Amino acid sequence: MAYVKDKWMLGKNPDINIYEDVHSAAGWYRRKKRSKGTAVNHVLKHNAKNKKPALAAADRILAKLNEWTRGLQLHNVRMTMSGRLIKRLNETEDVDYKYMPDIEIQPYKPLSALLKSPYRVDLEKEQVVITIDLTGRNIELKNSIATDYFFDAIILWGDPMKEKSLRVNDVESKLYAIKSKEDETCVLSLDLPVKKEPWLVLLKVSCLEGNEYAINARHYGMKVVGVSVGE
């Protein structure tokens, strides 16, 4: 499909019963006329139908996480979340967080760019347990006066499609010195919701400059590291 700036540049329409000239944001182009009742791709149809409720659900999730995301550079994370929710809505009306794993809350400053320590997420009885192995060089920062860091593990649960359905809980680690070379293991445990509700877990690392939170967003990383298993 070739676009032109002005309609006259398309030349004479060879058959007005077959072709039509269309103006779009990209310019003018010629195409075959569409038959009345032409079927719309069913996936696109579902996407269009579910876009508005998915955006509203993403807004509810981010509003509930505001305490931990305030000051971060969220960029397009709202659209990323809504896109994952649309995908799930196309499959079932009982929405969960099946497609949420690995979403970076700061897309251009991912958790892995800051935290170099390996971590794992396990389900143990009625808990989600995050284990972080701290060995030597754990935080990657250049030209920074940051002195310490700590972790937050956050669990959010409930139906994001419903108003006032979401709940949140968190646990915070102790402070660790950035320059420490001591081998340690940080364990963060979160209770799963009592009722069988969909949930997601996030891990956040935050840096301090002395007794104050670091100002620049590059001193923070936050990511979805676990979700309840969808059907």
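The structure displayed is predicted, hence computed values, not measured ones.
Taking hydrophobic clusters as Ile, Leu, Val, Met, Phe, Trp and Tyr residues chained together by side-chain heavy-atom distances below 4.5 Å, Leu123 does not share a cluster with Leu202. Taken together through direct or relayed side-chain contacts under 4.5 Å among Ile, Leu, Val, Met, Phe, Trp and Tyr, Phe150 and Ile105 form part of one hydrophobic cluster. Grouping the Ile, Leu, Val, Met, Phe, Trp and Tyr side chains by contacts below 4.5 angstrom, directly or via other members, places Ile154 apart from Leu192. Residues Tyr176 and Ile178 fall within the same hydrophobic cluster, defined by Ile, Leu, Val, Met, Phe, Trp and Tyr side chains chained together at heavy-atom separations under 4.5 Å. There is a path of hydrophobic side-chain contacts, each under 4.5 Å, that joins Leu166 to Leu89.
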Next on the checklist: Could you walk me through whether Asn169 and Asp191 satisfy the side chain to side chain donor-acceptor pair (under 3.5 Å) test, starting with their C-alpha distance in whole Å, then the side-chain angles of each, then the deciding distance to 0.1 Å, before giving a yes or no?
Outcome noted: CA-CA 9 Å; Asn169 195 13; Asp191 291 335; 5.9 Å; no
Checklist entry - Could you walk me through whether Leu114 and Leu141 pass the side-chain contact (heavy atoms from CB on, under 4.5 Å) check? => result CA-CA 7 Å; Leu114 179 62; Leu141 281 172; 3.7 Å; yes
Item to check | Criterion side-chain contact (heavy atoms from CB on, under 4.5 Å) on Tyr97 and Leu156, from CA distance to verdict | outcome: CA-CA 10 Å; Tyr97 305 105; Leu156 176 144; 3.4 Å; yes
Checklist entry - Between Ile139 and Cys207, does a side-chain contact (heavy atoms from CB on, under 4.5 Å) hold up when you go through it step by step? => result CA-CA 9 Å; Ile139 298 296; Cys207 294; 4.3 Å; yes
Item to check | Residue pair Leu208, Leu175: steps toward the side-chain contact (heavy atoms from CB on, under 4.5 Å) verdict | outcome: CA-CA 9 Å; Leu208 278 71; Leu175 276 181; 4.2 Å; yes
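To the nearest 0.5 angstrom, Lys204 atom NZ is 12.5 Å from Phe151 atom CZ. Atoms CG and CD, from Leu190 and Glu126 in turn, are 13.5 Å apart once rounded to the nearest 0.5 Å. Note that the CE atom of Met81 and the CG atom of Leu65 stand 6.0 Å from one another [nearest 0.5 Å]. In this structure, Ser117 OG and Asp133 CG are separated by 8.0 Å, a value rounded to the nearest 0.5 Å. Taken from NZ in Lys223 to CG in Leu203, the straight-line distance is 9.5 Å, to the nearest 0.5 Å. Expressed to the nearest 0.5 Å, how far CG of Asp21 lies from CD1 of Ile16 amounts to 10.5 Å.
Considering every non-hydrogen atom in both Arg31 and Val22, the closest pair reads NE-CG2, 3.5 Å. Minimum heavy-atom separation, Lys33 to Tyr19: CE-O, 3.6 Å. Taking every heavy atom of both residues into account, Ala113 and Lys116 meet most closely at O-CE, 3.9 Å. The shortest heavy-atom contact between Leu85 and Ala54 is CD1-O, 3.8 Å. In terms of heavy atoms, Arg60 sits closest to Pro160 at NH1-O, 2.7 Å. Scanning all heavy atoms of the two residues, the minimum distance from Leu74 to Pro107 falls at O-CD, 3.4 Å.
A distance-only check finds a donor-acceptor pair linking the side chain of Asn13 to the backbone of Asp15 [under 3.5 Å]. The main-chain N or O of Gly83 is never found under 3.5 Å from a side-chain atom of Lys87 such that the two would form a donor-acceptor pair. In terms of modelled atom types and a separation under 3.5 Å, the side chain of Arg78 and the main chain of His75 share no donor-acceptor contact. Using modelled atom types, one side-chain atom of Arg84 and one backbone atom of Tyr99 make a donor-acceptor pair closer than 3.5 Å. Between the side chain of Asp122 and the main chain of Glu124, no donor-acceptor pair closer than 3.5 Å is present. No donor-acceptor distance shorter than 3.5 angstrom exists from the side chain of Asn66 to the backbone of Lys64, with no hydrogens or angles considered. Under the 3.5 Å distance criterion, the side-chain polar atoms of Ser228 are matched with a main-chain donor or acceptor of Trp199.
Within the 4.5 Å cutoff, the side chain of Val168 has no heavy atoms near those of the Ile155 side chain. In this structure, Met79 and Val77 have side chains that are not in contact, with every pair of non-hydrogen atoms separated by 4.5 Å or more. Between Pro53 and Met161 the shortest side-chain heavy-atom distance falls below 4.5 Å. Between Leu111 and Met222 the shortest side-chain heavy-atom distance does not fall below 4.5 Å. In this structure, Ile132 and Leu134 have side chains that are in contact, with non-hydrogen atoms separated by less than 4.5 Å. Residues Lys98 and Glu91 form a side-chain contact, since some pair of their non-hydrogen atoms from C-beta on lies under 4.5 Å apart. Side chains of Asn138 and Tyr149 form a contact here, defined as non-hydrogen atoms less than 4.5 Å apart. A heavy-atom distance below 4.5 Å is found between the side chains of Arg88 and Thr92.
Using a 3.5 Å distance cut-off with no hydrogens or angles, the side chains of Ser144 and His219 do pair a donor with an acceptor. Under the 3.5 Å distance criterion, with hydrogens and angles disregarded, no donor-acceptor pair is assigned to the side chains of Gln73 and Tyr220.
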For residues 179-188, which side-chain donor-acceptor pairs fall under 3.5 Å, sequence neighbours excluded?
unit_1 : atom_1 : unit_2 : atom_2 : d
Ser180 : OG     : Glu182 : N      : 3.2
Glu184 : OE1    : Lys174 : NZ     : 2.9

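Ring planes of His23 and Trp28: tilted class, angle from 30 to 60°.
Screening Asp102, Ile130, Val128, Ile103 for a side-chain contact (heavy atoms from CB on, under 4.5 Å) involving Val225 leaves a single residue, Ile130.
Partners of Tyr119 by ring-ring contact (aromatic ring centres under 6.0 Å, His included), not counting sequence neighbours: none found.
Of the charged side-chain nitrogens involved, none lies within less than 4.0 Å of a carboxylate oxygen, so that Arg30 and Glu20 do not count as a salt-bridged pair.
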